[in-house]
Amino acid sequence: MSTILQAVRGMRDVLPNDTPLWQYIEDIFKSVLITYGYNEIKLPILENTSLFSRAIGSTTDVVEKEMYTFDDCNGVSLTLRPEGTAGCVRAGIEHNLFFSREQRLWCLGPMFRHERPQKGRLRQFYQLNVEVFGQQGPDIDFELIMMTYRFWRLLGISDYVYLELNSIGSFNTRLAYRQALVNFLTPYLDLLDKDSRRRFYCNPMRLLDSKNVAEQHFLKEAPSLFEYLDEESHVHFSQLCKLLDLSGIKYKINTRLVRGLDYYNRTVFEWFYENVDSHCIFCAGGRYDTLVEQLGGRKTPAIGFAIGIERLILLINDVNIGLHSNARLLHLDIYLISVDECLKGSAILLAERIRDALPSLRVITNHGGGSLKKQLSRANKNGARIALILGKKEFLMKHVLIRDLHSGVQEMLEENNLMIRLASIFKL
Ligand code: HAM
């Protein structure tokens with residue numbers, strides 16, 4: 001096949017068979033977010049490149065290697081957003097959303113990272129981002145974790161997922177730790193691979209994520225960031241853990257958890273799922289109390305998380321196939337057939353009257369003519385429950401024929417009684 005007819009590598013179409021599950025998941029997210037008092041914010045997919053290098057950190061993998069960056073016709077450097085937090089902070093500062101008030105926001109949409117595509121790793125992927133501004137205490141960290149747990153329960157996956165958290169303290173904590181880590185790593189410098197050596201000089205904490213088995217071996221002995229935590233971060237973290245203990249949510253403190261984006265401080269967390277061949281982080285987040293100020297706003301504490309929708313769906317496919325049948329929301333109720341060409345307009349108008357009277361029903365009118373047999377076959381292909389058949393003779397007598405497409409049973413009805421009969425068939 002010629003490449004022009006293929007989607008860009010790492011970018012996937014979500015086909016009509018799959019969109020009902022996506023919609024079902026999104027509806028659960030939205031209904032939960034409403035009950036927690038969160039408001040939607042819609043953000044551009046393109047931002048000025050400097051936003052991401054300033055917010056995410058110029059030595060992170062995302063900024064160094066993964067951004068889709070190009071100059072527009074005016075020579076302005078733009079980037080397809082690799083994540084949602086930076087844009088949300090930019091919008092909040094630009095529109096003065098953080099001035100003496102809290103904000104609880106969410107945003108859903110595509111993100112772009114030029115990573116090597118594989119299962120669960122795409123170049124265009126969707127995230128639900130949830131961000132809270134103006135709250136300092138550990139209670140909001142707790143509320144966000146509870147919210148994610150509610151999502152998992154409603155999606156039927158809570159028994160299969162694990163929570164890990166850590167505190168990475170303040171900027172000063174990390175400065176002290178960085179030095180300790182550099183001291184520890186210096187004797188191993190010759191053993192580091194090219195990528196790790198580069199990280200050693202520009203962002204040594206990123207080495208803790210090393211996938212190199214030999215490096216992982218000696219990194220086990222590396223000092224723990226947790227030992228360098230400042231007093232306030234310690235108190236914040238232990239209060240969060242106490243709240244989590246009360247909630248019954250199981251979690252593990254992973255003192256190696258540092259996250260790959262530079263804006264975090266204090267609480268960081270990840271939800272993951274594990275099976276024989278993969279360890280898949282599908283939701284991650286943490287506090288970023290200095291980012292608003294760093295990007296030119298007022299000092300505003302903040303915390304958020306993002307869920308990767310494709311990874312969540314991989315997990316659902318593995319553990320809760322039943323959700324697919326719940327999500328088959330798009331079944332068709334009624335297929336309207338007119339046997340005579342001259343009744344086409346009347347069929348469309350009858351469909352309109354059904355939609356007015358019974359708005360929850362899904363109704364399709366046959367277009368493009370065809371014999372009764374052909375139209376019935378289209379009704380079946382569309383998965384309709386019943387066909388309404390308008391014949392010329394019946395139409396003159398103001399009658400409609402209802403055919404149950406499962407049993408094949410037919411009944412003739414006066415049009416005046418149609419809505420009541422449909423309501424009873426569909427139990428409305
Ligand atoms: P992140 O860990 O980079 O954090 O991404 C969050 C989630 O997005 C991941 O856990 C994963 O599910 C999904 N994800 C990331 N990259 C890919 C990919 N290439 N293919 C498929 N899914 C992917 C952030 O983006 C932060 N902005 C989260 C946050 C919000 N922190 C505070 N507020």
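Quick note: numbers below take in every heavy atom, side chains included, and nothing from hydrogens, waters or symmetry partners. In each ligand, atom 1 is the first atom listed, and ligand 1 is the first ligand listed.
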_Residue list, side-chain contact (heavy atoms from CB on, under 4.5 Å) with S424, at least two apart or on another chain_ = R421
*Quiz item: cation-pi between R385 and F426, 6.0 Å / 45°*: yes
*Among Y160, F305, Y251, W152, which one satisfies ring-ring contact (aromatic ring centres under 6.0 Å, His included) with W271?*
W152
Does ligand 1 have any N/O pairs with the protein under 3.5 Å, and how far apart?
{"residue": "ligand 1", "atom": "2 (O)", "partner": "R259", "partner atom": "NH1", "Å": "3.1"}
{"residue": "ligand 1", "atom": "2 (O)", "partner": "R259", "partner atom": "NH2", "Å": "2.8"}
{"residue": "ligand 1", "atom": "3 (O)", "partner": "R113", "partner atom": "NH1", "Å": "3.0"}
{"residue": "ligand 1", "atom": "3 (O)", "partner": "R113", "partner atom": "NH2", "Å": "2.9"}
{"residue": "ligand 1", "atom": "4 (O)", "partner": "R259", "partner atom": "NH2", "Å": "3.0"}
{"residue": "ligand 1", "atom": "5 (O)", "partner": "Q127", "partner atom": "NE2", "Å": "3.3"}
{"residue": "ligand 1", "atom": "8 (O)", "partner": "Q127", "partner atom": "NE2", "Å": "3.0"}
{"residue": "ligand 1", "atom": "10 (O)", "partner": "I281", "partner atom": "O", "Å": "3.4"}
{"residue": "ligand 1", "atom": "12 (O)", "partner": "I281", "partner atom": "O", "Å": "3.4"}
{"residue": "ligand 1", "atom": "12 (O)", "partner": "F282", "partner atom": "O", "Å": "3.2"}
{"residue": "ligand 1", "atom": "12 (O)", "partner": "G308", "partner atom": "N", "Å": "3.3"}
{"residue": "ligand 1", "atom": "16 (N)", "partner": "R113", "partner atom": "NH1", "Å": "3.4"}
{"residue": "ligand 1", "atom": "19 (N)", "partner": "E115", "partner atom": "OE2", "Å": "2.7"}
{"residue": "ligand 1", "atom": "19 (N)", "partner": "L122", "partner atom": "O", "Å": "2.9"}
{"residue": "ligand 1", "atom": "20 (N)", "partner": "L122", "partner atom": "N", "Å": "2.9"}
{"residue": "ligand 1", "atom": "25 (O)", "partner": "R113", "partner atom": "NH2", "Å": "3.1"}
{"residue": "ligand 1", "atom": "25 (O)", "partner": "Q127", "partner atom": "NE2", "Å": "3.1"}
{"residue": "ligand 1", "atom": "27 (N)", "partner": "E83", "partner atom": "OE1", "Å": "2.7"}
{"residue": "ligand 1", "atom": "27 (N)", "partner": "T85", "partner atom": "OG1", "Å": "3.0"}
{"residue": "ligand 1", "atom": "27 (N)", "partner": "Y263", "partner atom": "OH", "Å": "2.9"}
{"residue": "ligand 1", "atom": "31 (N)", "partner": "Y264", "partner atom": "OH", "Å": "2.6"}
{"residue": "ligand 1", "atom": "33 (N)", "partner": "T85", "partner atom": "OG1", "Å": "3.2"}
{"residue": "ligand 1", "atom": "33 (N)", "partner": "E131", "partner atom": "OE1", "Å": "2.8"}
{"residue": "ligand 1", "atom": "33 (N)", "partner": "E131", "partner atom": "OE2", "Å": "3.1"}
{"residue": "ligand 1", "atom": "33 (N)", "partner": "F305", "partner atom": "N", "Å": "3.3"}

*Apply side-chain contact (heavy atoms from CB on, under 4.5 Å) to P117 and list each qualifying residue two or more places apart in sequence or on a separate chain.*
R9, R123
Under 3.5 Å donor-acceptor pairs involving side-chain atoms of residues 73-81, not counting sequence neighbours:
{"residue": "S77", "atom": "OG", "partner": "T49", "partner atom": "OG1", "Å": "2.7"}
{"residue": "T79", "atom": "OG1", "partner": "T49", "partner atom": "OG1", "Å": "2.8"}
{"residue": "T79", "atom": "OG1", "partner": "T69", "partner atom": "OG1", "Å": "2.8"}
{"residue": "R81", "atom": "NE", "partner": "P110", "partner atom": "O", "Å": "2.8"}
{"residue": "R81", "atom": "NH1", "partner": "L43", "partner atom": "O", "Å": "3.4"}
{"residue": "R81", "atom": "NH2", "partner": "P110", "partner atom": "O", "Å": "3.0"}

_Parallel, tilted or perpendicular: rings of H234 and F226 (30°, 60°)_ = perpendicular
